Amino acid sequence: MRNGTARCRVRTTLEDGGVLPYVYRVTKYDPSDRDGHGHYTGAEDTVSDHGQVEGAYLQAIEAFAADTGIERLTVREPHLPVPFVNFGLEPPMDGFGLDGLFPTGLDGFHDGADVSVGTAMDLVRVMLRGGGAWCRLEVEDTFTVHVGWDQYMYIGSSRPCEAAVARTRALGLFPERIDASPYDFEAEDEGPQRPADDEFWAQLRWSMAGTNARVLEEQSAYNLARWHRLTPDNIDTIRAGLAPRARLAIWPDLSSDIDAVLASLPAEGHVECVWQGRDGQMHSATADEDEFAELATRLSCASAAMILSMHADDRVPLLAAVLPDSDGVVRARWEIDPTPSTQQWAFLKTLHRGEIVTGRVTRIADFWVTFVDIGGFEAMINIPELSWRPFNHPSDVVAVGQEISAEILDVDVIRERVSLSLKALHEDPMPLLVELIGQTIVGRITKLVPFGVFVRIEQEENGFEGLVHNSELAEGRSDHQQLSVQVGDALPVKVLAIDPARRRITLSHRQAVSAGQEEPGA
């Protein structure tokens with residue numbers, strides 16, 4: 001691909017699923033000068049003449065645009081040359097060839113930038129000469145201009161453009177009808193495209209609560225990044241100034257220990273160093289082992305810095321997202337690396353309250369929560385959501401390694417939490433006990449407390465318990481010490497009230513005794 005930087009491709013399609021119906025390869029190479037393998041064998045140079053032939057290419061674009069009926073195009077997938085590699089046949093251009101093309105300078109060269117046909121022709125001139133910027137120029141479902149290696153240009157249109165084809169031939173170029181441009185953007189198996197929406201920024205703010213700062217990498221074009229040190233005070237201002245459709249990556253904060261940063265440099269290989277000067281300005285530079293000494297000199301004036309690997313497998317941000325358009329839709333076609341945070345976000349977005357999920361118990365935390373693996377994400381069940389019935393420890397209800405089904409109570413994307421309920425899949429048995437109200441039964445004492453005793457009114461070990469308040473003990477006995485009862489003793493009680501909502505059962509020993517029941521301990 002152009003300058004070796006076009007990392008992803010997507011086939012330009014119409015709404016009905018087909019490619020543009022009329023695609024032409026436009027070159028200065030006579031098709032008759034090709035061998036049996038399609039390779040050009042003529043005498044034409046593979047670089048631009050910066051003159052008449054280059055002008056013919058630009059006039060061809062103008063003719064096809066006029067035949068298609070368009071006056072403006074959109075910049076897609078803008079690229080700048082790799083900082084430390086130049087594959088172009090011509091030397092690198094000052095300002096990447098973009099000087100004067102955009103009112104806001106380099107910031108105007110972003111995905112979705114709207115340009116006139118005239119500016120599009122200027123961009124094509126830069127691409128024909130090499131050593132500068134590259135992009136696709138498109139009008140959705142209508143028109144495309146792609147510039148490839150060695151002065152090959154591809155023009156697609158929704159119309160046949162017979163007049164433009166004739167005009168291109170008259171200019172001395174060769175328009176050849178082909179099925180599709182090899183530079184159409186074809187979707188690979190990309191990771192999820194997370195939008196940098198309000199939810200994303202809320203999660204970022206929440207993640208900053210403990211550290212108070214983060215580093216934001218803003219990439220508005222391939223190989224072009226700006227760095228920002230975020231704080232709670234400046235995050236809104238920085239967000240408002242980001243380039244449209246930029247790809248964002250959030251990194252841990254810089255370290256003020258410059259010596260430790262330099263000590264983290266590898267023995268060899270390329271790295272990227274990001275630092276903040278004492279004037280507050282952010283800087284970045286790539287370097288290899290031969291340039292580490294120079295890098296150390298530059299960092300001598302830094303207040304904080306960090307080192308990032310240039311290897312994709314080792315370059316994993318905390319969060320990653322793409323700025324959506326004003327309507328909330330992500331239209332930038334960045335290739336998003338499948339970072340853990342993005343994959344986790346994508347998984348959480350598939351979950352919904354009330355949904356039933358199945359997972360395996362991974363951990364049981366004393367008196368807190370039980371953790372359950374649901375598709376690689378560890379959800380949690382708070383203690384009250386394990387069972388309707390009383391229990392002493394979560395292990396009385398579930399065991400590590402056990403497969404269970406549970407209902408989703410809440411999905412918190414910002415805090416990356418999923419709350420489950422095991423008891424929600426079962427009917428609450430307490431309302432069934434309401435029919436015991438007014439009856440006198442004999443239960444077992446389970447607990448002695450200063451204000452009374454708890455008595456289990458069901459036979460099973462995890463049966464429901466009710467409270468006999470000191471005031472409801474037998475006549476003349478004001479507390480359980482005077483009544484001389486112990487845990488495990490049988491105690492006659494009358495069921496006074498059952499409140500399933502508040503999980504309360506009110507009992508009376510005094511009224512049971514007055515009704516003729518035996519004293520406790522029988």
Side-chain angles (χ1 to χ4, degrees), residues 1-8 78-99 105-107 109-110 126 129-134 213-230 238 243 246-318 320 334-335 337 339:
M1 302 301 286
R2 175 70 170 164
N3 283 343
T5 60
R7 299 174 56 203
C8 55
H79 288 63
L80 297 181
V82 178
F84 46 85
V85 178
N86 178 34
F87 292 99
L89 297 178
E90 299 193 24
M93 295 182 180
D94 292 338
F96 309 107
L98 300 175
D99 290 346
L106 192 58
D107 288 348
F109 186 60
H110 60 78
V126 172
R129 294 183 181 184
W134 185 91
R214 286 283 187 262
V215 174
L216 167 63
E217 179 185 9
E218 172 198 0
Q219 194 170 9
S220 56
Y222 283 100
N223 307 316
L224 174 65
R226 294 192 300 178
W227 296 86
H228 312 273
R229 197 175 188 185
L230 300 174
I238 290 176
R247 178 169 61 174
L248 309 180
I250 306 299
W251 301 94
D253 192 22
L254 305 178
S255 170
S256 59
D257 189 343
I258 303 301
D259 290 338
V261 172
L262 291 172
S264 69
L265 288 169
E268 59 181 14
H270 270 97
V271 299
E272 182 168 18
C273 182
V274 181
W275 71 95
Q276 187 174 38
R278 294 194 176 98
D279 60 357
Q281 296 298 308
M282 296 291 292
H283 308 271
S284 70
T286 58
D288 61 17
E289 61 274 12
D290 295 330
E291 300 164 314
F292 287 169
E294 179 184 350
L295 181 62
T297 300
R298 300 180 73 176
L299 289 184
S300 64
C301 298
S303 61
M306 69 176 175
I307 299 294
L308 294 175
S309 172
M310 296 296 287
H311 297 287
D313 291 344
D314 300 325
R315 194 181 175 99
V316 182
L318 301 175
W334 290 99
E335 179 185 9
D337 296 323
T339 62

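The structure presented is a predicted model; accordingly, all values stated were derived computationally and were not measured.
Phe109 places a side-chain heavy atom less than 4.5 Å from the side chain of Leu80. Looking only at side-chain heavy atoms (C-beta outward), Ser284 and Val274 come within less than 4.5 Å of each other. Taking the side chain as every heavy atom from C-beta outward, Met282 and His228 never approach each other to under 4.5 Å. Inter-residue side-chain proximity for Ile238 and Leu216 is flagged as met; some heavy-atom pair is nearer than 4.5 Å. Considering only heavy atoms from C-beta on, Trp227 comes within 4.5 Å of Trp251 through its side chain. Between Leu106 and Phe96, the closest side-chain pair of non-hydrogen atoms falls below 4.5 Å.
Scanning for side chain to side chain contact (heavy atoms under 4.5 Å, CB included) contacts around Glu268 gives Glu289, with sequence neighbours left out. Taking Asp99 as the reference, nothing meets the side chain to side chain contact (heavy atoms under 4.5 Å, CB included) condition, with sequence neighbours excluded. The salt bridge (Lys or Arg N to Asp or Glu O under 4.0 Å) search around Arg315 returns Glu217, Glu272, not counting sequence neighbours. Residues forming a salt bridge (Lys or Arg N to Asp or Glu O under 4.0 Å) with Asp253 (at least two apart in sequence, or on another chain): Arg229. With sequence neighbours excluded, the residues that form a side chain to side chain contact (heavy atoms under 4.5 Å, CB included) with Pro252 are Leu318. Residues meeting the side chain to side chain donor-acceptor pair (under 3.5 Å) test with Arg226, sequence neighbours left out: Glu218. Taking Ser309 as the reference, His311, Asp314 meet the side chain to side chain contact (heavy atoms under 4.5 Å, CB included) condition, with sequence neighbours excluded.
Taking CZ of Arg247 as the reference point, atom CD of Gln219 lies at 4.5 Å (rounded to 0.5 Å). Here Trp334 contributes atom CH2 and Leu248 contributes atom CG; the two are 9.5 Å apart, rounded to the nearest 0.5 Å. Once rounded to the nearest 0.5 Å, the distance linking OG1 of Thr286 with CG of Asn223 reads 10.5 Å.
Ring centers of Tyr222 and Trp134: at least 6.0 Å apart, outside the cut-off.
Around CG of Asp290, the count of heavy atoms belonging to other residues, nucleotides or ligands within 6.0 Å exceeds 12.
Formation of a donor-acceptor pair under 3.5 Å by the Glu291 side chain with backbone atoms of Asp288 is found in this model.
The shortest non-hydrogen separation linking Pro81 to Gly131 is CG-O, 4.0 Å. Listed here is the closest heavy atom pair of Trp275 and Leu295: CZ3-CD1, 4.3 Å.
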**Q.** Verdict with reasoning, Ile250 to Val215, per side chain to side chain contact (heavy atoms under 4.5 Å, CB included)
**A.** CA-CA 6 Å; Ile250 306 299; Val215 174; over 6 Å; no

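Evaluation of the ring-ring contact (aromatic ring centres under 6.0 Å, His included) test over residues 286-307, restricted to residues two or more places apart or in two chains, returns none.
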Residues 297-308 side chain polar contacts: donor-acceptor under 3.5 Å, at least two apart:
{"unit_1": "Thr297", "atom_1": "OG1", "unit_2": "Ala293", "atom_2": "O", "d": "3.3"}
{"unit_1": "Ser300", "atom_1": "OG", "unit_2": "Thr297", "atom_2": "O", "d": "2.5"}
{"unit_1": "Ser303", "atom_1": "OG", "unit_2": "Gln276", "atom_2": "O", "d": "3.0"}

